[in-house]
Amino acid sequence: MEVVTRETMDHFVAGTSPMQVLALTTPGANFASDDAFGLDNVANTLYVRGFNQSQLGMAVDGIPMGGQGFHNWNGLSIDQIAIQENLSGMTMSQGAGALDVPSAQTLGGALTFTTADPLDKAGGRISQLFGSNNGFRTFARVDSGVLNPTGTKFYASYARTAQDLWKGYGDQQEHQANFKLVQPVGEHGKITAVFDYSNFDQYNYMGLTKNLWQRLGRDTTYLKPNYALSKEYAYYAQNGGIPPGLPAGITNDEVGDFAYDGTQEQRNYLSAVTGEFQLNSFITSRTIAYGHVSNGDYQGTNPFLTSPSSGVLMADETGHPDVRRIGFTQNFTVKLRNNEIQTGFWYENDRFNYPMRLYEDGQDFAHNSKSNYYAYQSTTWFADSFNTNTFQFFIQDTWHIIPGMTLTGGFRSLTQTTHGGTSYDNTAGLSAWGTYYSHPASGSLTASNAFLPHFNWDYHFLDHHEIYWDIAENMRAYDFGQQSSSGNAWGGLGTATNTAQSVFNQGKQTLRPERTWNYVVGYRYNSTFFTGSVDFYHTDYINRLAAITTGPTNNVYAAFINVGHETMNGADVLGAIRPFRGLEITNSFSWNNATYEDAALPYDGTTISIKGKHQVYYPKFMYKANLTYSYKRATFNFNATYTSSRPMTYLNDVSIPAYWTTNLNLSYDFGGIGFAHDMKATFGITNVANQNYIGGVYGAASVSGDDNANLFVAAPRQFFGSVAAEF
């Protein structure tokens, strides 16, 4: 298990995504985005030992976070829950996860986040950041201190982050508020209540093909504010050909990737009440009840539609996601002489609605990208509705065999049933808009496994040494999503001549949820002067599911099927030296050989084997170096990361190039000045060498060729400075 402390997070630019901090400091983790803060959840891509953010168990203060990433149907990312300064730390279990993490997505490891409690003494903190592209971030927190003899205390905090896009038109803004109240109950328990709010309001960067990036450069993006040029590109996208001014080698398909703009607005509310009580001398109880609401607008100009009134060959296509989650967890811990038994259960109901609506663009101007999204002003194209019930039970026993040696064994039972799909489809009635097949399908799927075992052995010996092994079986429930998307059992299925419903009904008979067996063995050494670790791991990935095209040449259709097994072997090696007080130099190397074993994918009217091909989007090698030096009140931090090439296709015939990225951070603590008992100034540079590289990836991989505009260029060199005070 890797631990990232508050002190480590403070080595980075204020407000940096915890996921980005984790990946820059931890072996086996890879994070990439298109903005310096790492907050754009369209482009954000996190991998841990071959598993992406939607395949990892995640919880904050024991509250399940669900799936991660853009178009999040059943969860919320840490960036949208907690203001970074309010986190006290995070842990990453890189192996097989943890039985007590409430998650239906876990195939690999687990990430757990902990938020700080209110302080006992009244006070507050403020900070102000300025940076490149009109970067501006304000953070403020007030702690009440202990208010009465019962120990009541709380904090309230607010953060606003804003920055212009580093290319193209628009900006990205985020508003967040966190409230946390702690009420002790006698000497044996406490009740904690939290309320978290966030509002993401941003123009998006345009996804690119590798060809567009290489031929047109890193600054290639949406066409806004040039409306005339947008209409011209839309004409060529619908009628064929290449607009004047584009270089040779750009295809008509890539012209269709250009659009006027794309934006997203997302509002999130999370509330939870936690009760922790010592029931007697050896039994403790922890109960969490939570509710989560998200809604928003995911907007994009579609150059393949027509606005009927104006005749303009494009229209505003906007999805309106609406998530309602409610659930609770109940855990018990029983401490005996040599054993610690943990058991508990989790239940959640998730209701998700997603209407897709069309708004007309005018002859001389487009529909507003950020407002006027009223149902009565729109035409509904289709709507999807899902209802999901999840239940998980776990039990495990940690046996303290001898001092320093523990053996943990247990299992979890997981069942999830999702009902839903298309609740309304108006494709046939929208001929004036030029709409195309939308793939309506409805039905239910259940993922269930009564026995998912997990065993762990750990031995600390001779003061500085530790050896361990870990074995677990995991299962991941089915994804769901809008009917026009791919990568889930309900979306992007069939064709106009082979209906999505028939493909769904056929798949329901044969689909099985994804499972993994994970094996880890490792060694750690830790002393004042040196820390070293080496992990070897092996994963058998069973029933890997993917969206592909299948069927005979005269009836090709899209399907969601089992594409076979995958085998993963890898190793992480880390060494950190502290030659004298204040200096720490860390180096880590990661190797991962994830290959498909028996998959035969339909392609171009035939079947192609991908046996032995490396997993898409994941690097085979990573190297990380961190140097931190503290002298009196000054701190210097420098980190460098190498990421090897990543295959873009199942056939591995096109790859994302390897890259280096570097970051620098300097800070000075002035101590008490005036009203502030602590004043600190920080200066940071991200992407110091100004490397031009592909960061995040969003979307499904193709079997072969550079077909998908799902690559996002990372931000260039950025500068940030901040001042923070505590009082």
Checklist entry - Do you know which two heavy atoms are closest between Gly494 and Val503, and how far apart they sit? => result CA-CG2, 3.8 Å
Next on the checklist: Is the ring pair Trp660/Tyr623 parallel, tilted or perpendicular, if the boundaries are 30 and 60 degrees?
Outcome noted: perpendicular
Next on the checklist: If you define the side chain from C-beta out and look only at heavy atoms, does anything of Thr510 sit under 4.5 Å from Asn562?
Outcome noted: no
Item to check | Separation of Ile610 CD1 from Glu597 CD (nearest 0.5 Å) | outcome: 10.0 Å
Next on the checklist: Parallel, tilted or perpendicular, judged at 30° and 60°: which one describes the rings of His465 and Phe461?
Outcome noted: parallel
Item to check | Thr26 side-chain N/O to Ala23 backbone N/O, donor-acceptor pair under 3.5 Å | outcome: no
Next on the checklist: Tell me whether Asp219 contacts the main-chain N or O of Lys167 through its side chain, where contact means a donor paired with an acceptor under 3.5 Å.
Outcome noted: no
Next on the checklist: Taking the side chain as everything from C-beta on, heavy atoms only, tell me whether Val60 gets closer than 4.5 Å to Ile78.
Outcome noted: yes
Item to check | Test side-chain contact (heavy atoms from CB on, under 4.5 Å) applied to Tyr478 and Leu545, step by step | outcome: CA-CA 9 Å; Tyr478 298 107; Leu545 302 178; 4.0 Å; yes
Next on the checklist: side chain to side chain donor-acceptor pair (under 3.5 Å), that's the test. Do Glu514 and Tyr541 meet it? Break it down for me.
Outcome noted: CA-CA 8 Å; Glu514 296 177 314; Tyr541 199 138; 3.2 Å; yes
Checklist entry - Just by modelled atom types, is the Gly705 backbone N or O under 3.5 Å from a matching donor or acceptor in the Asp653 side chain? => result yes
Next on the checklist: Let me confirm one number: the NZ-CD distance from Lys613 to Glu566, rounded to the nearest 0.5 Å.
Outcome noted: 14.5 Å
Item to check | Distance-only side-chain donor-acceptor flag, Asn710 / Tyr617, under 3.5 Å | outcome: yes
Next on the checklist: Quick check against the 3.5 Å criterion: does Arg412 have a side-chain atom that pairs as donor or acceptor with the backbone of Asp100?
Outcome noted: no
Item to check | Donor on one side chain, acceptor on other, Ser485 and Gln482, under 3.5 Å | outcome: no
Checklist entry - Does the side chain of Thr595 reach to within under 4.5 Å of the side chain of Asn593, using non-hydrogen atoms? => result yes
Item to check | Sidechain-backbone polar pair: Asn592 side chain, Gly570 backbone, donor-acceptor under 3.5 Å | outcome: no
Checklist outcome for this item: OG1 (Thr661) and CG (Leu24) are apart, to the nearest 0.5 Å, by 7.5 Å
Checklist entry - Hey, does Thr112 have a side-chain heavy atom less than 4.5 Å from the side chain of Val101? => result yes
Item to check | Working for side chain to side chain donor-acceptor pair (under 3.5 Å), residues Asn44 and Ser33 | outcome: CA-CA 5 Å; Asn44 286 359; Ser33 186; 2.6 Å; yes
Checklist entry - For Asn526 and Thr531, what are the C-alpha separation, side-chain angles and deciding distance, and is it a side chain to side chain donor-acceptor pair (under 3.5 Å)? => result CA-CA 4 Å; Asn526 190 43; Thr531 297; 2.5 Å; yes
Next on the checklist: Pair Arg215, Ile250 - check side-chain contact (heavy atoms from CB on, under 4.5 Å), show working.
Outcome noted: CA-CA 8 Å; Arg215 293 182 183 275; Ile250 303 298; 3.9 Å; yes
Item to check | Ser588 side-chain N/O to Leu574 backbone N/O, donor-acceptor pair under 3.5 Å | outcome: no
Checklist entry - In this structure, which one of Asn652, Thr45, Val616, Ile694 forms a side-chain contact (heavy atoms from CB on, under 4.5 Å) with Arg646? => result Ile694
Item to check | Stepwise side chain to side chain donor-acceptor pair (under 3.5 Å) test for Glu254 and Thr209 | outcome: CA-CA 8 Å; Glu254 290 173 322; Thr209 62; 2.7 Å; yes
Item to check | Residue pair Arg6 / Gln84, side-chain donor-acceptor N/O under 3.5 Å | outcome: yes
Next on the checklist: When you compare the side chain of Asn30 with that of Thr643, does any pair of heavy atoms fall below 4.5 Å?
Outcome noted: yes
Item to check | Shortest non-hydrogen contact between Asp79 and Gly38, atoms and distance | outcome: OD2-O, 3.9 Å
Next on the checklist: Between Ser54 and Arg476, does the side-chain contact (heavy atoms from CB on, under 4.5 Å) criterion hold? Intermediate values first, please.
Outcome noted: CA-CA 10 Å; Ser54 68; Arg476 184 174 186 270; 3.5 Å; yes
Checklist entry - Is it true that the side chains of Asn639 and Asn663 contain a donor and an acceptor less than 3.5 Å apart? => result yes
Item to check | Heavy-atom pair with the smallest gap, counting every atom of Val48 and Tyr618 | outcome: C-OH, 4.4 Å
Next on the checklist: Quick one, Leu46 with Leu56, criterion side-chain contact (heavy atoms from CB on, under 4.5 Å). Give me CA distance, side-chain angles, the key distance, then yes/no.
Outcome noted: CA-CA 10 Å; Leu46 173 72; Leu56 303 170; 4.2 Å; yes
Next on the checklist: Show the nearest heavy-atom pair for residues Ile656 and Met648, with the distance to one decimal.
Outcome noted: CG1-CG, 3.3 Å
Checklist entry - Under 3.5 Å, is there a donor-acceptor pair linking the side chains of Thr5 and Glu7? => result no
Next on the checklist: If you count heavy atoms of other groups shown closer than 6.0 angstrom to CZ of Phe638, is the number above 12?
Outcome noted: yes
Checklist entry - CD of Gln105 to CZ of Phe51: how many Å apart, nearest 0.5 Å? => result 14.0 Å
Next on the checklist: Please find the pair of heavy atoms, one from Glu473 and one from Phe451, that lie closest to each other, and give the distance.
Outcome noted: OE1-O, 3.7 Å
Item to check | Heavy-atom side-chain proximity of Met206 to Leu208 below 4.5 angstrom | outcome: yes
Checklist entry - Is the side chain of Ser17 donor-acceptor paired with the backbone N or O of Met19 at a distance under 3.5 Å, no angle test? => result yes
Checklist entry - Counting N and O atoms only, with roles assigned by atom type, does the side chain of Lys210 sit under 3.5 Å from a partner on the main chain of Ser655, one being a donor and the other an acceptor? => result yes
Next on the checklist: Strictly distance-based, threshold 3.5 Å: is any side-chain N or O of Thr8 a donor or acceptor partner for the main-chain N or O of Val4?
Outcome noted: no
Item to check | Within 6.0 angstrom of Trp399 CH2, more than 12 heavy atoms from elsewhere | outcome: no
Item to check | Separation between CG of Asn211 and OG1 of Thr251, rounded to the nearest 0.5 Å | outcome: 7.0 Å
Item to check | Side chains of His460 and Arg524 in contact at under 4.5 Å (non-hydrogen atoms) | outcome: no
Next on the checklist: Is there a side-chain contact between Thr406 and Trp457 in this structure, where contact means two heavy atoms from C-beta onward sitting under 4.5 Å apart?
Outcome noted: no
Checklist outcome for this item: Distance col, row Arg49:CZ vs Leu107:CG, nearest 0.5 angstrom, shows 15.5 Å
Item to check | From Phe712, Tyr659, Tyr642, Trp213, residue fulfilling ring-ring contact (aromatic ring centres under 6.0 Å, His included) relative to Tyr693 | outcome: Tyr659
Next on the checklist: Could you report the tightest heavy-atom contact between His614 and Tyr596, atom names first, then the distance?
Outcome noted: O-CE1, 3.6 Å
Checklist entry - Could you walk me through whether Phe560 and Trp490 pass the ring-ring contact (aromatic ring centres under 6.0 Å, His included) check? => result CA-CA 8 Å; Phe560 187 70; Trp490 285 266; 8.9 Å; no
Next on the checklist: Tell me whether Ser590 contacts the main-chain N or O of Gly28 through its side chain, where contact means a donor paired with an acceptor under 3.5 Å.
Outcome noted: yes
